[in-house]
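Each chain gets a letter, A, B and so on, in the order the sequences are listed, and its residues count up from 1. From a predicted model like this one, the values you see are computed outputs, not experimental measurements. Any value given below was found using the heavy atoms of this structure, including those in side chains, with hydrogens, waters and symmetry copies removed.
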2 protein chains.
Amino acid sequence: MPEGNGLGVTISDVARLAGVGRGTVSRVLNERANVDPRTRSRVLEAIAALDFVPNPTARRLSLRRTQTIAVILPFLTRPSAVERLRGVEAALVRGGYDMIVFNVETVERREAVFRDLPRRERVDGLIIISLSPHETELERIGRIDLPVVLIDAHHRTLPRVVADDVLGGRLASRHLLALGHRRIGFIGDIPRIPLAFTSSRLRLTGVRREITAAGLTIPASLVAIGDHSPRRSTELATRMLTQRLPPTAIVCASDTQAAGALEAANALGMNVPGDLSVTGYDDIELADHLGLTTVRQPLFESGVRAVERLLGMIHGTPPGVLREVQPISLVVRRSTAPPSV
Amino acid sequence: MPEGNGLGVTISDVARLAGVGRGTVSRVLNERANVDPRTRSRVLEAIAALDFVPNPTARRLSLRRTQTIAVILPFLTRPSAVERLRGVEAALVRGGYDMIVFNVETVERREAVFRDLPRRERVDGLIIISLSPHETELERIGRIDLPVVLIDAHHRTLPRVVADDVLGGRLASRHLLALGHRRIGFIGDIPRIPLAFTSSRLRLTGVRREITAAGLTIPASLVAIGDHSPRRSTELATRMLTQRLPPTAIVCASDTQAAGALEAANALGMNVPGDLSVTGYDDIELADHLGLTTVRQPLFESGVRAVERLLGMIHGTPPGVLREVQPISLVVRRSTAPPSV
DNA sequence: CTCTGGCATGGAACCGGTTCCGATTGTAGC
DNA sequence: GCTACAATCGGAACCGGTTCCATGCCAGAG
């Protein structure tokens, strides 16, 4: 254990040097009224002279507040999740809070995190990204009255920041229908029930509704589900494109998967958008780069909003509307065009 | 401020219920010897009955240890950085430490982080990814005697986990030279001096050395520097490929930039690897997906190793060799082939 | 049977802040 | 000149743990 604890200057040292009591130093530090200006400046001088900085741990214990927020997210691997995290981080820094991160990639880890974390003494609040809490997990959080905000996840009773994924599915397919496509495929995620929440299913629902509304149907052979990797998506797209009646367009549940589909088309010598249209979801940097038509949702901003709401709750503001829906929009680029036939 | 602090059970409550002193409860909690087995089990019963969990903040104050590590990294946007962070997170969880993350994307933020963070008693240690500390920053850290480990960054006196970027540059270009390429280009990062550390320069050095060793040179027209985005890389590659004497191969300082170069070739109607060979760096998931020949470095593992070393330092193990070099290797995929001419 | 030594344990002191209470000082009002 | 009250401030108590020290008790040695 390292011994030298640097400048071990405490509030008592400051008090002694300034010739005042500890309480007075504390009052100066916290900018309370009722401190004589002359006393105040003497204290400030002492603080400067000693290069004193208050010990946050002691402060936390005394105030029973940690100034720390925990963020739980699965899949730190996904660009969209990381982008939300960036938003959270930026907003927390502005608010003077620390962010501690829990990446849950397995069910065991998920259980461990929900068992250990939600203790009042550890954090002041919780942000959960792309993960819908179970009832038992929720019950534990509720019992200790810990403020929580979800991002991209659902629960009837919890404040959350989401986008309308059904609408997103509709926007993508509406665009393709308007271009004249009639055989539209879908590539999405496995709904990994025990672990994470996946928006993929909702997007598929949107696609289905829009296509049904147009008087068409989407055959089972044009719906492919697999894990989130572009490689898997390439396999699925290849299989879909090489069957008897291939689609003229594919809606993908993420930009990453759309990149996989583009790769498949490329390998098969198909021209995008000439022979095949592809849409993505999220509008991450990759989408711009690939010229992907995609559904844009405000990822960074979702993190910012979640923090704003969480800090509001911590400071006693009523949570307002539970389900905050963020706007989404279709970004048309060069991966979609009318079908050639 | 919310009042209900859930189960506000303290060690005193446990002591009272078990009919022992607080010290004894603490001894049981910390599995110290010198506790009578009968007393021990009475205490354990009381703990279970009250569902008691020690308050970490109080523990921290008393032990003068935070059980928390700070991670500073620029560019949470880059897949390679995130992958390192994943490794750090995984290893810290195993060690029972919390991770607090600081994403620095501007110079102001960098300054703020280095000013506020290494204040005593905030964290037990520091991991810095892809950012070489200035002397002034270092002096501040050194003064408070805070253990630090760098990842993918350099400083003579600090323990660090790095890979040999010069070698990486050589591996990529050696491969291309062996295939018969003679005009080899390079696309890399701006060396953003005030903010982050960039390995790009070192990789270019490696490329230069290898090419020089082969009796060739690399003209200025074949070296392009730009920011890290694939879009920018596409622009640079396009310009490079449309000049009078275009390269037959391009070494890129990252997989992301290689993706940009592939995109440029694609747009120009060039066949990869027929008309152009491209290499990347890092071997992120994208590289596998694109079939990119690349230099693989253990990103996740770099985070794990940094944590192992940091925790060792915290527990008093001598740091050993300062500069720990991780192995890298060339992964040959389908983006490289002999030149057609 | 007494002395000695060691184990178990209660409780005080401490970590470094905040806050509350009561005392002191100063001043305005009569 | 005295009272009343407000402003200011010192210091105790507290947040909830850990650790050290002193004490009580018991067993074994002489």
Discussion item. Quick check on side chain to side chain donor-acceptor pair (under 3.5 Å): which of S130(B), S302(B), S132(B) does D152(B) satisfy it with?
Written reply: S130(B)
Worksheet item: Of the nucleotides dG16(C), dG17(D), dG17(C), which has the atom closest to the L61(A) side chain?
Response: dG16(C)
Fill in: Rounded distance in Å - CD1 (I47(B)) to P (dG16(D))
16 Å
Worksheet, complete the sentence: 5' to 3', nucleotides 9-14 of chain C under a 4.0 Å protein heavy-atom cut-off (B base, S sugar-phosphate only, - none) gives BBB-B-
Worksheet item: Considering heavy-atom distances to DNA chain C, does A58(B) or S26(A) have its closest nucleotide positioned more toward the 5' end?
Response: A58(B)
Worksheet entry | Gap between atoms CG and P, on N55(B) and dC15(C) respectively (whole Å) | 19 Å
Fill in: Check ion pair R86(A)-E83(A) (N to O, under 4.0 angstrom)
yes
Discussion item. Rounded to whole Å, please give me the gap between CG in D13(B) and P in dC15(D).
Written reply: 11 Å
Worksheet item: Taking atom C1' of dC15(C) as reference, at what distance in whole Å does atom CZ of R59(A) sit?
Response: 17 Å
Worksheet item: Checking R160(B) side chain against L150(B) main chain: does a donor-acceptor pair fall under 3.5 Å?
Response: no
Practice prompt. Check whether any side-chain nitrogen or oxygen of R65(B) sits under 4.0 Å from OP1 or OP2 of dC15(C), and answer yes or no.
Written response: no
Worksheet item: Would I314(A) and Y97(A) count as a side chain to side chain contact (heavy atoms under 4.5 Å, CB included) if you check the C-alpha gap in whole Å, the side-chain angles of each, and the deciding distance to 0.1 Å?
Response: CA-CA 12 Å; I314(A) 289 172; Y97(A) 278 74; 3.8 Å; yes
Practice prompt. Ignoring the backbone of L63(B), work out which of dT19(D), dG17(D), dC15(D) is nearest its side chain.
Written response: dT19(D)
Worksheet item: Can you tell me if N30(B) uses its side chain to pair, donor with acceptor, with the backbone of R32(B) under 3.5 Å?
Response: no
Worksheet item: Could R42(B) and E45(B) be called an ion pair, given the rule that one side-chain N must be under 4.0 Å from one carboxylate O?
Response: no
Worksheet item: Given dG16(D), is OP1 or OP2 found less than 4.0 Å from the side-chain N or O atoms of R64(A)?
Response: yes
Worksheet entry | Presence of N30(A) side-chain N/O under 4.0 Å of dT18(C) phosphate oxygens OP1/OP2 | yes
Discussion item. From CD1 of I11(A) over to P of dT19(C), roughly how many Å is that when rounded to an integer?
Written reply: 11 Å
Practice prompt. To the nearest 0.5 Å, tell me how far D124(A) CG sits from D98(A) CG.
Written response: 10.5 Å
